[in-house]
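Only one structure is covered here, and it is reproduced in the block below.
On a predicted model such as this, the values are computed, not experimentally measured, just so you know. Scope of the values below: all heavy atoms of this structure, side chains included, with no hydrogens, waters or symmetry mates.
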Amino acid sequence: MVYKKVMDPVKPAAKEPKSRRLTNIERSSYFARREAAKVLKSVLQGDANRRAVGSIKTLVYSPSIRNKKATFALVCQTLKYLPIIKDVLEIANVLNSKWKRQVELMYIITYDILFGQDSSLTGDPEKYLILRKSQLQSALAKILLKKGAKRIEDLMSQYKIPDVKKPRYVRVNTLKLDVETAVSELSKDNMVEKDDMIPDLLVLPPATDLHNHPLVTNGSVFMQGKASSMVAVALGPKPGWEVIDACAAPGNKTVHLAAVMKGEGKIIACELNKDRVKRLEHTTNLAGATNVEVLHENFLNLNPEDELYSKVRAILLDPSCSGSGTVADRLDYLLPSHSHTSSDGDGGDVGRLLKLAAFQEKALIHALSFPGVERVVYSTCSIHQIENEDVIKSVLPFAAFLGFHLATPFPQWARRGLPVVEGSQHLLRTDPVEDKEGFFIALFTRNATRSPESPQKVERGSLENLKQEAVGKCDCHKKFLRARIPKTLVVWILSPAPILLYPPLSLFLHIDITDLR
């Protein structure tokens, strides 16, 4: 008996598999699933609360994520199959309260078991679901039968899961590298074409992964969409000018301006958010844009009459917007809310759009108020008329009073503004279906030698007409503005200082900003 007790090491033998060292592939997959679950949780919570921390790409490519490529693939694929995964888990009924607290990780593992590769599934949650693989497969078979689908592809089409493919655009940073050298380097591993309209923009096949390419990591090229790359070119500041980028972070458009200006002159890049200021500073340093001055300040607090800004000749205004035109680039089409949105892409959240539009109008009026400015570009990544043509319509009387008119950026571009505002043929739109992103660009210009007419010479009747034109044309803004226009004639606009330069205009330029802070 003693011999048997000594020679029968049952318990150590049972523990041996648990102490087995993971292979490199198993270890990498194990951590990628957990990093993906962390990102997925943040994405789904932000989507549910309509307060996204960042896009999927922004979250995945943050410094805290180590295995970026595997994590990105897992997040995207799990989101793509998520409606099916949720139904499978509900029918199989395999998650108890313990595992429901890690539901994002269970989504990831279920994707790997049913649609991915489960050969390297190690870890307690993984083992738990692997033991119930037959139940998961049975639940999937029931869904296929119920939907009358023979293949997973047929099932996905019934769930209306889109598959959006967008070319990979990269902009050559001419502050560091010439276009021909960039083409030569990128062509070693990819098919590369030059864009037919935007200088320094290159086109590569969809899904081309360049995040770790040396030219990207050293700031010689930037991954930037075509529509986004139009903005700086449309503004067209000349070398030596002083320019304001009103809402600058993360900085891609800012450093594009620096390249357009050949590194000469000065760009004042405004950003209010402290964390985004750091991102902006990183982008400008990476690009070698030495003519950029980062200003941690709200653009609306800049005084147009301050001597500091007397030489500013151009302003780029790309304000906060709904982002409804960038679902393909941000991968928002993979989010649960996307399948429930209305045809205009925002789920009828009119209140939010109205607040955004009110802020956008104030910011644009403020940009037009700088006395030395000759060119102003207003751009959004939105498809909504209320953030685009309606904003332009609201400020046109004020812009005209100051001598501005709408100019035509990229005359060769076919898609123009909606015909709801005078001069819509000058406005530029990109289509989210045809162009894979929805953008809007308006360019205001004026002659540098023109001085605005003295406000004392403008009759009160003319001002009333301007008031009606500014706030009376846009039906969707009427109720919003009427509820907020005070009876007093004392007006504060865009900044804590009252209008002094054009005091009569305060009769029709008031917008209450207290709701927007």
[X] (side chain) donor-acceptor with [Y] (main chain) under 3.5 angstrom:
X: T208; Y: L204; value: no
X: D306; Y: Y309; value: no
X: R276; Y: A249; value: yes
X: H384; Y: G325; value: no
X: S228; Y: G225; value: no
X: R375; Y: A234; value: yes

### Message
Please evaluate residues V373 and L368 with respect to the criterion side chain to side chain contact (heavy atoms under 4.5 Å, CB included), reporting the C-alpha separation (whole Å), side-chain torsions for both, the decisive distance (0.1 Å), and the verdict.
### Response
CA-CA 7 Å; V373 165; L368 295 167; over 6 Å; no
Would you indicate whether the side-chain heavy atoms of [Y] and [X] approach each other to under 4.5 Å?
X: V243; Y: I268; result: no
X: L427; Y: R416; result: no
X: F440; Y: I383; result: no
X: L428; Y: F410; result: yes
X: V255; Y: N173; result: no
X: I244; Y: F370; result: yes
X: P237; Y: L257; result: yes
X: D209; Y: K69; result: yes

Could you pull out all residues at least two apart from [X] that satisfy salt bridge (Lys or Arg N to Asp or Glu O under 4.0 Å)?
X: E185; result: K188
X: R279; result: none
X: R415; result: D435
X: K266; result: E293

Assess whether atom [atom1] of [X] is packed by more than 12 heavy atoms of other residues, nucleotides or ligands within 6.0 Å.
X: E307; atom1: CD; result: no
X: K176; atom1: NZ; result: yes
X: K68; atom1: NZ; result: yes
X: N212; atom1: CG; result: no

What pair of heavy atoms forms the shortest contact from [X] to [Y], and how long is it?
X: A258; Y: A289; result: CB-CB, 3.8 Å
X: L280; Y: A248; result: CD2-CB, 3.8 Å
X: Y169; Y: L201; result: CD2-CD2, 3.8 Å
X: A363; Y: L300; result: CA-CD2, 3.7 Å
X: S382; Y: E387; result: OG-OE2, 2.6 Å
X: E437; Y: T430; result: O-OG1, 2.8 Å

Between [atom1] on residue [X] and [atom2] on residue [Y], distance to nearest 0.5 Å:
X: N291; Y: T284; atom1: CG; atom2: OG1; answer: 10.0 Å
X: L356; Y: T380; atom1: CG; atom2: OG1; answer: 10.0 Å
X: I65; Y: T71; atom1: CD1; atom2: OG1; answer: 5.5 Å
X: N303; Y: L308; atom1: CG; atom2: CG; answer: 9.5 Å
X: L316; Y: I267; atom1: CG; atom2: CD1; answer: 9.5 Å
X: L406; Y: S424; atom1: CG; atom2: OG; answer: 9.5 Å

For this session: Could you check Y81 against M156 for side chain to side chain contact (heavy atoms under 4.5 Å, CB included), going step by step and ending with a plain yes or no?
Result: CA-CA 8 Å; Y81 288 89; M156 291 177 68; 3.5 Å; yes
Margin query: L235 vs V376, test: side chain to side chain contact (heavy atoms under 4.5 Å, CB included). Steps then yes/no.
Written below: CA-CA 7 Å; L235 184 64; V376 174; 5.7 Å; no
Q. Checking side chain to side chain contact (heavy atoms under 4.5 Å, CB included) for the pair E297/E271: CA distance, chi angles, key distance, verdict?
A. CA-CA 6 Å; E297 181 60 271; E271 179 53 51; over 6 Å; no
Pairwise salt bridge (Lys or Arg N to Asp or Glu O under 4.0 Å) hits with a residue in residues 193-202, at least two apart: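 Applying salt bridge (Lys or Arg N to Asp or Glu O under 4.0 Å) to every pair that reaches into residues 193-202, excluding sequence neighbours, yields E180-K194, D195-K226, D196-K226.
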Pairs satisfying salt bridge (Lys or Arg N to Asp or Glu O under 4.0 Å), at least one member in residues 250-262, at least two apart
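Listed by first then second residue: K253-D318.
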Q) Do the side-chain N and O atoms of N252 and Q224 include a donor-acceptor pair separated by under 3.5 angstrom? A)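 Note: N252 and Q224 side chains miss the donor-acceptor criterion.
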Legend entry - Side-chain H-bond candidate by donor/acceptor type, S322 with S324, under 3.5 Å: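 Yes, side-chain donor-acceptor contact under 3.5 Å.
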query = Can a salt bridge be assigned to the pair E374 and R446 using a cut-off of 4.0 Å between side-chain N and carboxylate O?
reply =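 No salt bridge links E374 with R446.
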* May I ask you to say whether E389 pairs ionically with R429, meaning some side-chain N is under 4.0 Å from a carboxylate O? =>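 Yes, charged N to carboxylate O under 4.0 Å.
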- Between F444 and H405, ring centroids under 6.0 Å: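 No: the rings miss the under 6.0 Å criterion.
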query: Do K311 and E242 pass the salt bridge (Lys or Arg N to Asp or Glu O under 4.0 Å) test, and can you show the C-alpha distance, the side-chain angles, and the key distance before you say yes or no?
result: CA-CA 6 Å; K311 296 181 180 180; E242 286 195 14; 5.4 Å; no
